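Structure, as structure tokens:
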Amino acid sequence: MAAKLAFIFFSMILVNNYVLVKFLGICPFLGVSGKLNSAIGMSVAVVFVMVLATGVTWPVYTYLLVPNGLEYLNNISFILIIAVLVQLVEIVLRKFIPPLYKALGIYLPLITTNCAVLGVTILNIESQSLVDPTAPYYTFPEALLCAAGAGVGFGLAMVLFSGVRRTLDRAKPPKSFEGLPITLVAASITSLSFMGFGGMLETLFGITT
Amino acid sequence: MEKKQSLGRVFTAGFLRENPVLRLVLGTCPTLAVTTAVFNGLGMGIAATFVLICSNMVISALRKVIPSSVRLPCFIVVIASFVTLVHMLIRAYVPALNAALGVYLPLITVNCIILGRAEMFASKNGVLASALDGLGMGIGFTIVLVLFSGIRELLGAGTLLGFAILPASIAPMSIMILPPGGFFVFGVLMALAIFIETKMGKKPSKDAACGACPSAEMCPAKGVGE
């Protein structure tokens with residue numbers, strides 16, 4: 001059980017990295033990874049919102065939508081929940097924890113339309129559960145760990161890539177490649193390095209999928 | 001206030017001048033993720049075009065009713081409704097496409113091309129112009145997706161739409177249909193677009209990456225990606 005949960009967590013970070021393998025959350029990855037500080041701030045905000053959003057969408061889907069035969073409303077209800085949650089978190093942080101608001105507040109509005117957050121909530125209700133083979137989709141602990149892993153994986157990619165970007169700033173690529181194009185080529189090489197993790201975790205945790 | 005702009009210009013803007021992917025750098029996630037085969041790219045393009053036209057029309061029709069302070073949530077609900085519709089249609093009639101696109105189909109909801117056009121065009125223009133804008137932008141998006149997936153499928157699998165093109169003696173570079181190939185092809189295509197534009201004597205606009213993003217106004221990192 002613990003091994004399976006750990007497997008889900010680490011596979012979201014390394015093998016199924018949201019940014020570099022699944023291409024979710026590319027906009028903030030390209031937009032905010034220029035400086036290490038903003039990369040870290042954005043990543044913390046994403047982990048926070050992903051876990052929180054899953055913590056709300058999973059029960060809503062399981063106990064409200066499924067019993068009433070409303071599964072097809074998952075998309076609309078999830079995006080609304082995420083939008084409301086982000087607003088709430090912003091208000092609560094501003095009121096009660098101003099230092100944290102100062103650090104993360106500016107990244108929060110960006111997260112509403114971040115496809116990585118909606119992506120993780122949808123994937124959680126579509127992925128086959130490892131712990132309980134009879135469950136139709138991830139169980140609640142699996143879903144939470146999957147969300148945390150996806151967020152941490154996003155953070156890892158952001159932090160690694162902000163280092164790559166700093167070196168890139170001093171490089172002199174051909175004129176047409178300056179700016180975004182060479183950044184994308186660098187992202188391609190970073191993504192290549194993550195492909196090396198494929199198959200590693202199955203052996204490590206002794207899981208056959 | 002309604003801008004006077006000829007409908008023909010509105011329609012063709014998305015093809016090259018304001019191409020959503022290569023010029024405005026919107027919708028990067030689906031562009032990278034689903035373009036492993038032409039069939040997927042084409043399917044995603046058509047699905048997104050349909051959502052774009054419908055949501056543009058509805059948002060344009062409602063533009064005087066929606067208060068501007070809650071416009072983004074309203075836009076998202078309209079878009080999500082059409083995405084649900086498309087998702088159900090595709091699941092019922094083209095299950096192969098549904099399986100191939102997977103989670104990226106519901107994620108059309110947060111495709112910033114659609115929200116971006118709602119914010120930048122449909123909320124300021126009439127229904128007919130908005131429909132044409134949606135059609136033009138959708139075609140521009142589809143063209144790039146097909147081009148993109150054509151390159152990746154040809155180099156990565158040696159086929160186009162499933163038909164073998166390259167002779168068996170040339171081994172396909174499967175890295176092209178894997179994630180790194182996606183980033184690489186995108187970088188090269190974007191460099192090519194900039195190169196063509198410079199050759200045609202135009203100065204490439206500098207704030208392409210963030211200027212069109214619907215959340216650019218509140219984004220702290222605006223311009224960092226240049």
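Every value quoted in this text rests on a predicted model; they were computed, and no experiment measured them. Naming convention: chains lettered A, B, ... in sequence-line order (proteins, then strands); numbering from 1 in each chain. Below, each value reflects all heavy atoms present in this structure, side chains not excepted, and no hydrogens, waters or symmetry copies.
A side chain to side chain contact (heavy atoms under 4.5 Å, CB included) with A/Cys115 is found for exactly one of B/Val103, B/Ile108, B/Val110, namely B/Val110.
Rounding to the nearest 0.5 Å places CG of A/Leu30 at 6.0 Å from OG1 of B/Thr28. If you take CG on A/Leu80 and CD1 on B/Ile76, they are separated by 8.0 Å, rounding to the nearest 0.5 Å. Atom CE in B/Met190 sits 12.5 Å away from atom CD1 in A/Ile182 (nearest 0.5 Å). Between B/Leu32 atom CG and A/Ser188 atom OG the span is 10.5 Å, to the nearest 0.5 Å. Here B/Cys29 contributes atom SG and A/Phe29 contributes atom CZ; the two are 11.0 Å apart, rounded to the nearest 0.5 Å.
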With side chain to side chain contact (heavy atoms under 4.5 Å, CB included) as the test, would you mind laying out the steps for B/Leu107 and A/Leu24 before giving the verdict?
-> CA-CA 10 Å; B/Leu107 284 182; A/Leu24 295 170; 3.3 Å; yes
Could you check A/Ile26 against B/Phe183 for side chain to side chain contact (heavy atoms under 4.5 Å, CB included), going step by step and ending with a plain yes or no?
-> CA-CA 10 Å; A/Ile26 298 291; B/Phe183 281 115; 3.9 Å; yes
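Surrounding OH of A/Tyr101 are more than 12 heavy atoms belonging to other residues, nucleotides or ligands, all under 6.0 Å away. Within 6.0 Å of atom CZ in A/Phe9, more than 12 heavy atoms from other residues, nucleotides or ligands are found, so the atom counts as buried in its surroundings. Heavy-atom neighbours of A/Tyr72 OH from other residues, nucleotides or ligands within 6.0 Å: at or below the threshold of 12. Within 6.0 Å of the CG atom in A/Asn37, the count of heavy atoms belonging to other residues, nucleotides or ligands does not exceed 12. Within a 6.0 Å sphere centred on CD of A/Gln87, heavy atoms belonging to other residues, nucleotides or ligands number 12 at most. B/Met176 CE: more than 12 foreign heavy atoms inside a 6.0 Å radius.
At a 4.5 Å heavy-atom cutoff, the contact between A/Leu192 and chain B is made by backbone and side-chain atoms alike. Of the two parts of B/Leu192, neither the backbone nor the side chain holds a non-hydrogen atom closer than 4.5 Å to a non-hydrogen atom of chain A. Neither the backbone nor the side chain of A/Ile189 comes within contact range of chain B, judged by heavy atoms closer than 4.5 Å. Within the 4.5 angstrom heavy-atom criterion, no atom of A/Lys175 approaches chain B. Contact annotation for B/Leu178: only side-chain heavy atoms (C-beta onward) come within less than 4.5 Å of a heavy atom of chain A. For A/Met42, no part lies under 4.5 angstrom from a heavy atom of chain B. With a threshold of 4.5 angstrom between heavy atoms, A/Ala187 approaches chain B through its backbone and through its side chain.
Partners of B/Thr109 under the side chain to side chain donor-acceptor pair (under 3.5 Å) rule, at least two apart in sequence or in another chain, are A/Asn75. Checked against side-chain contact (heavy atoms from CB on, under 4.5 Å), A/Ile81 has the following partners two or more places apart in sequence or in another chain: A/Val56, A/Thr57, A/Val60, A/Leu85.
Counting heavy-atom pairs closer than 4.5 Å to chain A, the top residue among B/Pro30, B/Ser81, B/Pro179 is B/Pro179. Heavy-atom pairs under 4.5 Å with chain A peak, among B/Pro73, B/Gly102, B/Pro106, at B/Pro106.
In plain terms, the two heavy atoms of A/Pro181 and B/Ile194 that are nearest each other are CG-CD1, 3.9 Å. When all heavy atoms of A/Ser176 and B/Ala191 are compared, the closest pair comes out as CB-O, 3.5 Å.
A ring-centre distance under 6.0 Å is not found for A/Phe23 and B/Tyr104.
Side-chain contact between A/Leu73 and B/Thr84 is absent, with no heavy-atom pair separated by less than 4.5 Å.
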